[in-house]
Amino acid sequence: MAASAPPAPARPAAIVREEGDLLLVSHGVRLGDVCLKCAAREGIVRRFEVMRYRPFWPAVGLAACLCICGYLAALMLTALLPFEFWKLLVGLVCFAIFWRGWRHGALDLPLCRACNARWRGGERARLLAGLAIVPVLALSAAFGGHSASLAWAFVMLWLVGLLAVHMGTWRNRTVGAKAIHDQLIFLRGVHPDARRALVADAAEAAGVRRIPSTR
């Protein structure tokens with residue numbers, strides 16, 4: 001008699017719950033047909049997004065590594081090996097720190113057509129703001145010979161504009177990861193009514209009857 005196959009490992013239950021102004025969801029969970037940005041239930045389209053999150057300290061470590069290694073290479077290590085070697089080494093170390101700091105999580109996000117169009121508009125705005133560095137660098141090179149302060153002013157204005165687009169247009173029109181853990185993704189930017197509706201839909205789909213409050 002053939003031996004029976006071992007039972008497949010049980011999959012962890014999907015999690016959809018609120019925590020403050022965040023929506024906590026499991027990696028890869030399929031959310032209900034509720035627009036995340038306006039809580040509409042009609043005209044829902046699905047948008048596949050890979051969420052990215054980088055903790056604060058790896059970014060600080062990246063900047064510190066760049067400054068310390070660059071300083072040491074400039075002062076002491078050039079006598080041992082060509083400086084180009086140390087620039088390559090510093091770049092590789094910084095890349096390793098930067099890459100290890102990122103965490104990822106993929107989700108199939110429900111949005112209405114209007115909010116999906118607004119999301120695409122936010123993507124275009126951020127892309128154009130990033131590409132604006134090309135004319136900024138051209139202006140800095142043109143005026144840098146006359147005034148280094150003016151050249152730096154162009155670059156700083158671009159940085160301020162890029163930050164404004166990211167913190168304003170981009171964050172207001174999109175949903176992002178406030179944090180990513182091994183089991184959970186903490187989503188920011190979800191409409192409060194959408195959070196409540198998605199939690200209720202997830203409880204109903206799991207067969208959990210929600211008891212109304214007696215207050």
Side-chain angles (χ1 to χ4, degrees), residues 8-56 59 98-99 101-134 158 161-213:
R11 298 180 59 185
I15 297 174
V16 180
R17 72 171 188 263
E18 288 186 88
E19 186 172 300
D21 59 350
L22 302 177
L23 181 68
L24 279 61
V25 300
S26 302
H27 287 261
V29 70
R30 180 174 176 84
L31 299 172
D33 291 333
V34 180
C35 177
L36 294 175
K37 297 303 294 181
C38 69
R41 288 186 175 270
E42 297 182 356
I44 298 298
V45 296
R46 293 281 167 171
R47 182 185 187 91
F48 181 79
E49 285 290 327
V50 177
M51 300 289 173
R52 296 175 178 86
Y53 166 72
R54 185 179 62 183
F56 175 75
F98 179 82
W99 181 255
W102 283 100
R103 297 175 184 173
H104 301 81
L107 287 174
D108 200 23
L109 303 179
L111 296 167
C112 68
R113 290 187 176 86
C115 290
N116 191 41
R118 284 170 52 82
W119 189 309
R120 290 197 300 268
E123 287 181 327
R124 288 193 295 268
R126 193 169 70 161
L127 176 62
L128 292 174
L131 293 177
I133 187 60
V134 177
W158 171 77
L162 183 64
L163 183 61
V165 169
H166 179 78
M167 299 300 295
T169 304
W170 170 252
R171 288 180 65 90
N172 291 336
R173 297 185 179 189
T174 63
V175 172
K178 184 72 172 181
I180 296 179
H181 295 173
D182 292 338
Q183 300 293 334
L184 292 174
I185 303 175
F186 295 67
L187 295 178
R188 56 104 188 127
V190 181
H191 193 282
D193 294 339
R195 293 199 302 267
R196 289 189 286 269
L198 288 168
V199 171
D201 289 354
E204 183 178 354
V208 178
R209 184 170 65 89
R210 294 176 62 85
I211 301 176
S213 174

I want to check something: taking the side chain as every heavy atom from C-beta on, are [X] and [Y] in contact at a cut-off of under 4.5 Å?
X	Y	result
R124	L127	no
L31	V16	yes
H104	I180	no
V29	L107	yes
L111	I44	no
R41	D201	yes
L22	L187	no
V45	R113	yes

Kindly give the heavy-atom pair with the smallest separation between [X] and [Y], and that separation in Å.
X	Y	value
I185	A177	CG2-CB, 4.2 Å
R173	G122	NH1-N, 3.9 Å
V190	R195	O-NH1, 2.9 Å
A106	F48	CB-CZ, 3.6 Å
K37	C115	CB-SG, 3.6 Å
C38	C112	SG-SG, 3.6 Å

With rounding to the nearest 0.5 Å, note down the distance linking [atom1] in [X] to [atom2] in [Y].
X	Y	atom1	atom2	value
D193	L36	CG	CG	12.5 Å
H27	D182	NE2	CG	7.0 Å
D33	L198	CG	CG	9.5 Å
M51	R188	CE	CZ	8.0 Å

Original post:
Hey, mind stepping through D21 and K178 against side-chain contact (heavy atoms from CB on, under 4.5 Å) and telling me if it holds?
Top reply: CA-CA 11 Å; D21 59 350; K178 184 72 172 181; over 6 Å; no
Subject >> Option passing salt bridge (Lys or Arg N to Asp or Glu O under 4.0 Å) with E49 (candidates R47, R52, R46) >> reply: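 The single option meeting the salt bridge (Lys or Arg N to Asp or Glu O under 4.0 Å) with E49 is R47.
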**OP:** Answer with yes or no after comparing the ring centroid distance for H181 and F186 against a 6.0 Å cut-off, counting only values under it.
**Re:**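 Centroid distance H181-F186: below 6.0 Å, so yes.
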Subject >> Trace of the side-chain contact (heavy atoms from CB on, under 4.5 Å) decision for L109 with W119 >> reply: CA-CA 12 Å; L109 303 179; W119 189 309; 3.7 Å; yes
Subject >> Geometric cation-pi criterion R126 and W170, 6.0 Å radius, 45° cone >> reply: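 Yes, R126 lies over the aromatic ring of W170.
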